[in-house]
2 protein chains.
Amino acid sequence: MNAPFDPGRAPVDLRAAEKVSCLRCCLRELCAPHPGEFSPADKAFLRSLVKEQNIRLRRGQNLFHAGDPFRNLYAVHTGAFKSVLIGSDGRELVSGFSFAGDMLGLDSIGDRRHPSHAVALDDGGVCVLPYSHVEKTAARVALVQRQLSRMLARELRQHQEFAVALGIRSAQERLATFLFNLSRRFAGRGFSSTRLRLPMSRTDIASHLALTAETVSRTFTQLEREGVIRVSAKTVEIVDSAGLSERANLAPVPLQASRA
Amino acid sequence: MNAPFDPGRAPVDLRAAEKVSCLRCCLRELCAPHPGEFSPADKAFLRSLVKEQNIRLRRGQNLFHAGDPFRNLYAVHTGAFKSVLIGSDGRELVSGFSFAGDMLGLDSIGDRRHPSHAVALDDGGVCVLPYSHVEKTAARVALVQRQLSRMLARELRQHQEFAVALGIRSAQERLATFLFNLSRRFAGRGFSSTRLRLPMSRTDIASHLALTAETVSRTFTQLEREGVIRVSAKTVEIVDSAGLSERANLAPVPLQASRA
DNA sequence: CGCCTGATTTGATCCATGTCAACTCCCGCG
DNA sequence: CGCGGGAGTTGACATGGATCAAATCAGGCG
């Protein structure tokens, strides 16, 4: 039923020449902010960052658990993952979703322990980057060091924006923003930006947006009635992209004025 | 009226020997995670990070504006600052407060542009660390590099937790958490952990916690009625620290059960 | 000292979202 | 092919915090 689109599959065959493909795929974030910026020598360093390639996980399996000692960063190779943050009071919250090319474990650098679970939402694979090794390489390859800082800083910015979103925005704005961002992220990976397969459950989305599953469901329905998206189980089609981003950002003061 | 306590003044006289004091104060975060970890040579590097010392700002002045190109990190020397994040939709939100010893500008590393204003809440001063210089030093002094990553990662974690808080927690939990954290931060700086002078307005607090000023005010009153704190203008006294942290964390499910 | 202006508090009311509950849909399995 | 169970949807109702409005307070200034 949702066969026409499958973001679980990478746009190029990553298994053919893994060393090379990692440079183009998994480690994109770490390595290729500005393509061509690397010398062959740099690339040698980068390739050496990866210890184990394409570790396989089945849907539902944990890549790591909250509380586990932090030793590696992981680059998502295939599939999708959710990060489940365990709050200081024990409450769980889905802090983010990761797809091919994303880095997992960055939030653990601070205290050498994973603050969150990483759970596979689909069968998938990851590459392993021993962090000690990354640090050492960063010390020698300035670009890697800079890029590491940048990745952290970017994630920081994202969480900042995210905090704003959770605090201020309405359910519709949050969901629209969520879809909008997913669309952008998929597009950046070569997938359709209008036809999204959401590998996570409504409950996961709800948790991520700090809403209830009921509200998420209602808001999906609402966006559908307004002709912005079409929903069919796990697949969402963005019908009116402009309308979506309108609903995502909205005016500075989203009062009842905007409902007329 | 609030003379007995003045967190605006540093616990030691920082102006006496600024080079040295910076190592103990402003750059604490960057430099002294584990005291004694530095060789004299390391320290020389560290000292050289600071370009201008103790730049002065008057209350209300901006250290930098959102959109300004990012060139420096700043270590707060004296006083207090708020960071005002400009969301993608133009809405403003106070993303954090910084006190002596805190670093400002970390969230700008990602895109070389400040995403937020930094505004002085009191007269104060900062030290300037040209980021290019920090990067170069990090490349030579492994500890600095590691510490830079750690600072970023820690801030990341904080924002993560914070997002959770904003999304899930009640007004009372948020305010209690806020006071609790401030108390800890002040304590770490050698100030009283029970008698806090809040240099920011209620509106700032409200914005930071994603509440309205009215709700913040009401919640202060409520906590006071419950005998947890005593409020007098800008000064808050924590009367029942245990009660406060109880209200900050709360049970996994803060349902009506907890109201009986 | 008393005024003036902005900050804070307090009160009354409204609304978005949570909560609880029932129903439907989908998918794997016997 | 029908069954069962979990995920998703929908409805009715409750409520925390927002909103609007007004009173009070604080602090600088004539």
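Just so we're clear, the structure is a prediction, and the values are computed from it rather than from any experiment. So that the names make sense, note that chain A is the first sequence line, chain B the second, and so on, each numbered from 1.
Using a 4.5 Å heavy-atom threshold, the side chains of B:Thr235 and B:Leu196 count as separate. Residues A:Val236 and A:Arg230 are not in side-chain contact: their nearest non-hydrogen atoms beyond the backbone lie 4.5 Å or more apart.
One atom, CZ of A:Arg59, and another, C1' of C:dC27, lie 11 Å apart when rounded to the nearest Å. Note: CZ (A:Phe220) to C1' (D:dT10) measures 16 Å, nearest angstrom. In this entry the distance linking CG of A:Leu198 with P of D:dA7 reads 16 Å, nearest Å. Following rounding to the nearest Å, B:Gln222 (CD) and C:dG11 (P) show an atom-to-atom distance of 13 Å. Regarding B:Glu173, its CD atom lies at a distance of 12 Å from the C1' atom of D:dG16, rounded to whole Å. To the nearest angstrom, P of C:dA7 lies 16 Å from CE of B:Met200. Taking atom CG of B:Leu166 as the reference point, atom P of D:dG17 lies 13 Å away to the nearest angstrom. Between A:Gln172 atom CD and C:dC15 atom C1' there is a gap of 15 Å when expressed in whole angstrom units.
Not one side-chain nitrogen or oxygen of A:Thr215 sits closer than 4.0 Å to the OP1 or OP2 atom of C:dT17. An OP1 or OP2 oxygen of D:dA26 is reached within less than 4.0 angstrom by no side-chain nitrogen or oxygen of B:Lys234.
For B:Ser201, whose side chain is taken as the heavy atoms from C-beta onward, the closest listed nucleotide among D:dT9, C:dT8, C:dT17 is C:dT8. Which of C:dT10, D:dT9, C:dT17 sits closest to the side chain of B:Thr221 comes down to C:dT10. Taking every side-chain heavy atom of A:Thr203 into account, D:dG8 is the closest of D:dG8, D:dG17, C:dT8. Between D:dT9, C:dT17, C:dT10, one nucleotide has an atom nearer to the side chain of A:Ser217 than all others, and that is D:dT9. The side chain of B:Glu214 has D:dA21 as its nearest neighbour among C:dT8, C:dT17, D:dA21.
In the model, A:Gln222 has no side-chain atom that pairs as donor or acceptor with a side-chain atom of A:Thr219 under 3.5 Å.
Side-chain rings of A:Tyr74 and A:Phe81 stay apart, their centers remaining 6.0 Å or farther from each other. Close placement of the A:Phe99 and A:Phe186 rings is indicated, their centers lying within 6.0 Å of each other. Less than 6.0 angstrom separates the ring centroid of A:His208 from the ring centroid of A:Phe97.
Terminal axes of the helix from C:dC1-D:dG30 to C:dG30-D:dC1 (five pairs each, C1' rotation axis) are separated by 30°, to the nearest 10°.
Nucleic acid contact for B:Thr212: base, since at least one base atom lies under 4.0 Å from a heavy atom of the residue. Within 4.0 Å of B:Ala206, counting heavy atoms only, lies no atom of the nucleic acid at all.
In terms of heavy-atom proximity, B:Gly167 sits nearest to A:Ala210 at CA-CB, 3.5 Å.
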Please report the C-alpha distance between A:Glu155 and B:Arg157 in whole Å, then the side-chain angles of each, then the deciding distance to 0.1 Å, and finally whether the salt bridge (Lys or Arg N to Asp or Glu O under 4.0 Å) criterion is met. CA-CA 10 Å; A:Glu155 196 141 320; B:Arg157 287 290 322 279; over 6 Å; no

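Interface remark: the B:Arg218 side chain does not form any donor-acceptor pair with the D:dG16 base, using a distance-only criterion of under 3.5 Å.
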